[in-house]
Protein chains: 2
Amino acid sequence: MLLSLDMQSETPIYVQIRNQIIEGIASGKLLPGDTLPSVRQMASDLGINLHTVNKVYTLLKQEGFLAVHRKSGVVVNDYKEFKVSDSFLEKMESDLKPIVAEAICRGLTKEKFLEKCLNIYEEFQDYQQGGKKG
Amino acid sequence: MLLSLDMQSETPIYVQIRNQIIEGIASGKLLPGDTLPSVRQMASDLGINLHTVNKVYTLLKQEGFLAVHRKSGVVVNDYKEFKVSDSFLEKMESDLKPIVAEAICRGLTKEKFLEKCLNIYEEFQDYQQGGKKG
DNA sequence: TATCTGTTATATTATTAATATAACAGATAG
DNA sequence: CTATCTGTTATATTAATAATATAACAGATA
């Protein structure tokens with residue numbers, strides 16, 4: 001699981017890491033049961049502070065994507081068991097709304113917008129089918 | 001054009017205002033040529049500082065949604081003239097990516113995700129057809 | 001025992017968000 | 001002309017967040 005950070009981005013690096021881990025799970029690069037490096041190891045690899053990584057792990061635990069076992073360390077949860085919660089749908093809608101609004105303002109047709117959404121969704125699936133590890 | 005702020009939200013209020021104005025333009029509540037209140041007036045209405053509103057107007061000018069004429073004040077641009085720029089498509093894709101990834105992780109099917117996107121898009125259009133001012 | 005793990009505590013620095021006060025120049029109404 | 005309203009700029013301060021630094025604790029492990 002390779003992570004790349006953009007230190008110039010306005011997106012906080014702990015959010016960048018969180019998103020890339022979630023994208024890794026969505027694409028199948030990270031499978032249930034897979035372990036992640038220790039907070040100190042990942043911090044060292046990325047050249048950042050231990051607490052920034054710890055913040056990500058704590059956040060992803062709260063969101064249900066990761067679990068920590070004293071024995072096996074930080075482990076990816078079985079996301080197949082997740083329910084589509086109402087609170088997530090509400091959050092997703094409020095996140096999508098300004099993006100859709102701007103797309104409309106900038107002249108993106110409904111068809112082209114939906115095609116873009118479809119492409120992004122299927123890119124994650126493509127990886128899953130292209131081999132569990134490559 | 002009514003604006004509502006959530007002072008408890010983690011979304012900065014200048015971003016909340018920006019998004020609501022863009023959503024107003026997308027839905028047709030704000031039409032090209034419509035004027036917005038002065039920075040001092042809107043700040044007073046919302047109970048916030050003049051500079052916070054000025055930050056929004058400056059941002060929306062840079063993004064091309066508003067123009068300022070010494071004479072007529074702050075005016076909504078003719079967004080029909082907008083081109084779908086590559087830079088916007090790239091920004092939209094990078095904004096959508098983590099949302100789609102989380103949707104997949106949480107078990108939202110492709111069909112249900114696209115349906116949600118479609119609904120949001122059409123909600124803006126519904127308002128346009130439902131009367132220019134109501 | 002020594003080391004690695006997640007976790008917690010405390011403190012500091014940097015950046016951003018929001019506010020406060022003030023001023024300037026162009027436009028405008030009386 | 002005067003007074004007022006406009007966007008705009010400057011400067012400063014406060015509050016909150018992001019990121020870092022150093023340290024320690026307890027469980028697991030070799």
Side-chain angles (χ1 to χ4, degrees), chain A residues 1 3-22 30 33-77 91 95 98, chain B residues 1 3-22 30 33-77 91 95 98:
Chain A
M1 180 73 190
L3 296 178
S4 65
L5 298 185
D6 179 1
M7 306 306 266
Q8 314 306 324
S9 169
E10 64 179 359
T11 305
I13 60 181
Y14 84 94
V15 175
Q16 294 182 42
I17 299 174
R18 188 208 89 116
N19 286 348
Q20 287 180 45
I21 290 177
I22 289 180
L30 285 174
D34 281 354
T35 58
L36 291 178
S38 73
V39 290
R40 289 171 178 83
Q41 183 62 51
M42 179 177 285
S44 169
D45 291 347
L46 296 173
I48 63 176
N49 192 274
L50 167 167
H51 292 96
T52 306
V53 178
N54 192 56
K55 190 174 182 176
V56 176
Y57 283 5
T58 301
L59 180 59
L60 287 170
K61 268 192 332 188
Q62 289 169 351
E63 296 182 300
F65 293 107
L66 297 182
V68 174
H69 304 109
R70 270 290 175 199
K71 192 166 184 176
S72 41
V74 181
V75 177
V76 176
N77 261 339
K91 179 184 168 293
D95 287 345
Chain B
M1 180 73 192
L3 297 178
S4 64
L5 298 185
D6 179 1
M7 306 305 265
Q8 314 306 324
S9 169
E10 63 179 0
T11 305
I13 59 182
Y14 85 94
V15 175
Q16 293 182 43
I17 299 174
R18 187 208 89 117
N19 286 348
Q20 287 180 46
I21 290 177
I22 289 181
L30 286 175
D34 282 355
T35 58
L36 291 178
S38 73
V39 291
R40 289 172 178 81
Q41 183 63 50
M42 179 177 284
S44 169
D45 292 345
L46 296 174
I48 62 176
N49 192 274
L50 167 164
H51 292 96
T52 306
V53 178
N54 192 56
K55 189 174 182 175
V56 176
Y57 284 3
T58 301
L59 181 59
L60 287 169
K61 269 192 330 187
Q62 289 170 350
E63 296 181 302
F65 294 106
L66 298 181
V68 174
H69 303 111
R70 271 289 175 200
K71 190 166 185 176
S72 39
V74 181
V75 177
V76 176
N77 262 339
K91 178 182 167 295
D95 286 345

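Reminder, nothing fancy here: chain letters follow the sequence lines and each chain counts from 1.
Looking at A:Val56 and A:Met42, their side chains never come closer than 4.5 Å, going by heavy atoms from C-beta outward. Two residues are said to be in side-chain contact when any heavy atoms from C-beta on lie closer than 4.5 Å; B:Tyr57 and B:Val39 meet this criterion. Residues A:Leu46 and A:Ile13 fail the side-chain proximity criterion, which asks for heavy atoms closer than 4.5 Å. Put simply, the side chain of B:Leu60 reaches to within 4.5 Å of the side chain of B:Ile22, judged on heavy atoms.
As a whole-Å value, the separation of A:Tyr57 OH from D:dA19 C1' is 17 Å. The CG atom of A:Leu66 sits 10 Å away from the P atom of C:dT7 (whole-angstrom rounding). For the pair A:Asn54 CG and C:dA9 C1', the interatomic distance rounds to 12 Å; values are reported in whole Å. Rounded to an integer number of Å, the gap from CG of B:Leu50 to P of D:dT6 is 10 Å. Rounded to a whole Å, the CD1 atom of A:Ile48 is 14 Å from the C1' atom of D:dA21. Rounded to a whole Å, the OH atom of A:Tyr14 is 12 Å from the C1' atom of D:dA16. Atom CD of B:Gln8 and atom P of D:dA15 are 16 Å apart (whole Å). Taking atom CD on A:Gln41 and atom C1' on C:dT7, their separation rounds to 18 Å, with Å as the unit.
The side chain of A:Lys55 places an N or O atom within less than 4.0 Å of a non-bridging phosphate oxygen (OP1 or OP2) of D:dA18. Distances shorter than 4.0 Å separate some side-chain N or O of B:Ser38 from OP1 or OP2 on D:dT6. One finds a side-chain N or O of B:Thr52 lying less than 4.0 angstrom from the OP1 or OP2 phosphate oxygen of C:dT19.
Donor-acceptor pairing under 3.5 Å, judged by distance alone, is absent between the side chain of B:His51 and the base of C:dA17. One N or O donor and one acceptor, one from the side chain of B:Arg40 and one from the base of D:dT8, sit under 3.5 Å apart.
Pairing for C:dT16 is with D:dA15, a Watson-Crick or G-U wobble pair whose two hydrogen-bonding atom distances lie under 3.5 Å. Within the shown strands, C:dT28 is the pairing partner of D:dA3 under the Watson-Crick or G-U definition, both distances less than 3.5 Å. In this structure, C:dT7 forms a base pair with D:dA24, meeting either the Watson-Crick or the G-U wobble geometry with both donor-acceptor distances under 3.5 Å. If you check D:dA30 for Watson-Crick or wobble pairing at under 3.5 angstrom, you find it paired to C:dT1.
Distances were taken from every side-chain heavy atom of A:Ile13 (C-beta onward) to each of D:dA19, C:dA18, D:dA23; the shortest belongs to D:dA19. Which of D:dA21, D:dG7, D:dA18 sits closest to the side chain of A:Asn49 comes down to D:dA21.
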Inset, instruction - Could you go through the side-chain contact (heavy atoms from CB on, under 4.5 Å) check for B:Asn77 and B:Leu66 one step at a time? - result: CA-CA 5 Å; B:Asn77 262 339; B:Leu66 298 181; 5.9 Å; no

